[in-house]
Student: 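Once you've had a glance at the structure underneath, I'll fire off some questions.
Only heavy atoms go into these numbers, but all of them, side chains included; no hydrogens, no water, no symmetry mates. Counting begins at 1 with the first residue of the sequence.
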Amino acid sequence: RRHTRYPLVTGVQTCALPICTWGSLPPVLLFGGLAWWGAAVWAHVLAQLALCVAASAGCLRHGGKVEAALGRKDPGAVVIDEVAGMALTLALTLLGVVALEGMRASAGAPAALGRVPPASLGPALAMGSFVWFRVMDVIKPPPARGLQRLSGGMGVLVDDLVVAPYAAVATLVSLEFMVRMGPVGA
């Protein structure tokens, strides 16, 4: 296989799930590890943003090379773009939770997500972010699909970064609904 010269870009090649799904898992594992360690929200956000930047740099440097080696645009074997997009999704979702709770507090409104213990919100946040990122990456809302036409690693990467805010908003709406309905943290 010609793309195995770039293992950090292409990831594991022998798995039952679609390879891009596996590529979305490292940021979730980082989130879980930091949650287990009891890290503060700002540490989670910084770690996810650092992972996003590192994965983006790797994709920009090597994504085009793998495209050329495989002879097709944004090949599924390239998963480092999924790492970057998922890490950005988690960072944005965490920032969204903080922003929403801050707005509620300043308006004197009762907290919704803020009243849920972090230990019980964490799994729902991670799982929701993962699912919504995968959904948005598949449907590619505008302008994500069109951005894949960009050349080289930029075309491989940018669509995944563009769907991250969509996934974060969908996750926040889902979390808010779940909290108001009772299953999260009940």
Student: Which heavy atom in P27 sits nearest to a heavy atom in L90, and how many Å separate them?
Tutor: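 Closest heavy-atom pair between P27 and L90: O-CD1, 3.5 Å.
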
Student: Minimum heavy-atom separation for A91 to L49, with atom names?
Tutor: CB-CD2, 3.8 Å

Student: Does anything in residues 34-54 form a side-chain hydrogen bond (donor to acceptor under 3.5 Å, both in side chains)? List the pairs, not counting sequence neighbours.
Tutor: none

Student: Please find the pair of heavy atoms, one from A126 and one from V28, that lie closest to each other, and give the distance.
Tutor: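 Between these two residues, the closest heavy atoms are CB-CG1, 4.2 Å.
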
Student: V83, F31: one ILVMFWY side-chain cluster at the under-4.5 Å cut-off?
Tutor: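 No: no chain of side-chain contacts under 4.5 Å links V83 to F31.
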
Student: Return the CZ to OG distance between R61 and S56, rounded to the nearest 0.5 Å.
Tutor: 15.0 Å

Student: Of all the heavy-atom pairs spanning A43 and L34, show the shortest one and how long it is.
Tutor: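 Result for this residue pair: O-CD1, 4.2 Å.
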
Student: Strictly distance-based, threshold 3.5 Å: is any side-chain N or O of R145 a donor or acceptor partner for the main-chain N or O of I139?
Tutor: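 Present.
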
Student: Flag yes if L46 and V97 sit in one hydrophobic cluster, no otherwise; membership is Ile, Leu, Val, Met, Phe, Trp, Tyr, and two members link when side-chain heavy atoms are under 4.5 Å apart.
Tutor: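 No; tracing contacts between hydrophobic side chains, which count when under 4.5 Å, never links both residues.
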
Student: Do L25 and V135 sit in one hydrophobic cluster, given that two such residues count as connected whenever their side-chain heavy atoms are within less than 4.5 Å of each other, even indirectly?
Tutor: yes

Student: List, one per line, each side-chain donor-acceptor pair under 3.5 Å for residues 153-174, sequence neighbours excluded.
Tutor:
unit_1, atom_1, unit_2, atom_2, d
D159, OD2, K140, NZ, 2.8
D159, OD2, Q148, NE2, 3.4
Y166, OH, P142, O, 2.3
T171, OG1, G128, O, 3.4
T171, OG1, A167, O, 2.7
S174, OG, W132, NE1, 2.9
S174, OG, A170, O, 2.9

Student: If you round to the nearest 0.5 Å, how far is CG of L175 from OG of S129?
Tutor: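 Output value for this atom pair is 7.0 Å.
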
Student: Give, for atom CE of M86 and atom CG of D81, the distance between the pair rounded to the nearest 0.5 Å.
Tutor: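 Between atom CE of M86 and atom CG of D81 there are 13.5 Å.
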
Student: According to a hydrophobic-cluster definition based on side-chain heavy atoms being under 4.5 Å apart (Ile, Leu, Val, Met, Phe, Trp, Tyr only), do L92 and F130 belong together?
Tutor: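 The answer is yes; both residues are in one hydrophobic cluster.
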
